[in-house]
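Read through the structure below, which is laid out as structure tokens, and then see the notes.
By convention in this document, chain letters (A, B, ...) are assigned in the order of the sequence lines, proteins followed by strands, and residues within each chain are numbered from 1.
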Amino acid sequence: AQSVTQLDSHVSVSEGTPVLLRCNYSSSYSPSLFWYVQHPNKGLQLLLKYTSAATLVKGINGFEAEFKKSETSFHLTKPSAHMSDAAEYFCVVSEGGADGLTFGKGTHLIIQP
Amino acid sequence: NAGVTQTPKFRILKIGQSMTLQCTQDMNHNYMYWYRQDPGMGLKLIYYSVGAGITDKGEVPNGYNVSRSTTEDFPLRLELAAPSQTSVYFCATRGGLAGVLDTDTQYFGPGTRLTVL
């Protein structure tokens with residue numbers, strides 16, 4: 001069975017400083033891994049996706065994530081935070097089956113001015 | 001293209017009432033999903049469908065029913081609303097078509113915020 005652990009429920013950074021959101025996963029297969037972002041009272045938007053091609057994945061809005069199989073991690077980073085990045089971020093795993101995605105509990109990113 | 005649309009955006013129900021949450025997609029995707037999101041939690045799968053006429057239970061199906069008569073529509077029915085069903089409900093689609101590379105990515109609607117009092 002697949003599972004996802006987001007290591008921080010809340011992360012607070014100052015505007016202009018780097019962002020690191022941590023995610024570990026467990027899967028019996030070679031999974032697809034995703035990061036989704038949810039702004040307040042909005043739906044979920046895909047940030048980026050890993051599917052066994054390049055281990056460093058670039059997404060929208062300057063975010064990127066690195067897949068590390070040996071550490072079973074898929075951490076999300078951004079070099080310089082912007083106020084508009086304040087949102088809830090979900091790490092998600094899929095083993096490709098029909099029964100959907102497995103979500104982490106989310107990390108709330110707070111950007112300090 | 002509108003993508004995935006959900007109606008209503010907000011609803012307040014009394015205990016024991018029934019309602020249907022609507023989900024429509026114009027992406028011609030075979031796979032459709034219903035999730036619920038509780039405060040401080042990720043999304044949990046309620047039901048899913050791999051095509052018209054085919055549905056299956058997810059992790060938390062109790063208290064809900066679904067049907068899939070067309071590719072475009074996947075309504076979620078609450079028969080006897082309970083306070084435990086207070087949540088935000090998201091519909092999602094996924095390609096899953098033979099020969100299409102991006103079959104894992106799910107695309108989400110804007111959500112329906114339901115309160116049961």
Side-chain angles (χ1 to χ4, degrees), chain A residues 1-10 21 23-27 29-53 57 59-60 65 67 74 87-109, chain B residues 2-7 9-10 23 25 27 29-51 54-61 66 68 74 88-98 100-113:
Chain A
Q2 58 201 30
S3 67
V4 178
T5 302
Q6 291 185 242
L7 298 167
D8 307 292
S9 59
H10 292 79
L21 305 183
C23 171
N24 286 355
Y25 71 93
S26 173
S27 174
Y29 303 96
S30 296
S32 295
L33 294 161
F34 307 79
W35 277 98
Y36 281 86
V37 60
Q38 184 181 30
H39 287 94
N41 299 312
K42 299 289 187 184
L44 281 80
Q45 180 184 19
L46 180 68
L47 270 182
L48 51 80
K49 171 184 176 181
Y50 166 78
T51 54
S52 76
V57 183
I60 61 171
F67 174 73
F74 190 56
E88 193 82 15
Y89 291 79
F90 293 98
C91 182
V92 182
V93 64
S94 169
E95 292 181 342
D99 59 348
L101 308 173
T102 299
F103 283 77
K105 292 187 177 180
T107 298
H108 186 60
L109 178 61
Chain B
V4 183
T5 57
Q6 293 183 239
T7 56
K9 286 186 168 56
F10 304 95
C23 175
Q25 56 111 351
M27 305 170 79
H29 283 174
N30 283 340
Y31 293 70
M32 295 188 74
Y33 301 84
W34 275 106
Y35 294 90
R36 60 177 287 171
Q37 183 183 28
D38 299 319
M41 303 293 290
L43 278 63
K44 294 192 175 180
L45 183 65
I46 306 172
Y47 269 96
Y48 66 99
S49 168
V50 301
I54 307 170
T55 64
D56 208 344
K57 296 178 181 179
E59 183 183 356
V60 290
V66 293
R68 184 97 181 269
F74 189 41
V88 182
Y89 292 84
F90 288 100
C91 179
T93 73
R94 171 185 149 194
L97 299 176
V100 176
L101 289 177
D102 188 20
T103 57
D104 257 11
T105 302
Q106 292 194 11
Y107 299 89
F108 287 83
T112 294
R113 189 175 296 273

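Using a 4.5 Å cut-off between heavy atoms, B/Y35 contacts chain A through its side chain alone, with no backbone atom that close. Only the side chain of B/Q37 comes within less than 4.5 Å of a heavy atom of chain A; its backbone N, CA, C and O stay farther away. Heavy-atom distances place the side chain of B/L45, and not its backbone, under 4.5 Å from chain A.
Listed by chain and number, the residues in a side-chain contact (heavy atoms from CB on, under 4.5 Å) with A/Q45 are A/V37, A/I60 (sequence neighbours excluded). A/S27 pairs by the side-chain contact (heavy atoms from CB on, under 4.5 Å) definition with A/Y25, A/Y29, A/P31, A/E95, not counting sequence neighbours. Looking at residues two or more places apart in sequence or on another chain, you find a salt bridge (charged side-chain N to carboxylate O under 4.0 Å, His left out) between B/D38 and B/R36.
By number of non-hydrogen pairs under 4.5 angstrom with chain B, the leading residue of A/H108, A/Q6, A/Q38, A/K42 is A/Q38.
Residues of residues 87-94 of chain A lying under 4.5 angstrom from chain B, judged on non-hydrogen atoms, are A/F90, A/S94 in numerical order.
Atoms OH and CG, on B/Y107 and A/L46 in that order, are 7.0 Å from each other to the nearest 0.5 Å.
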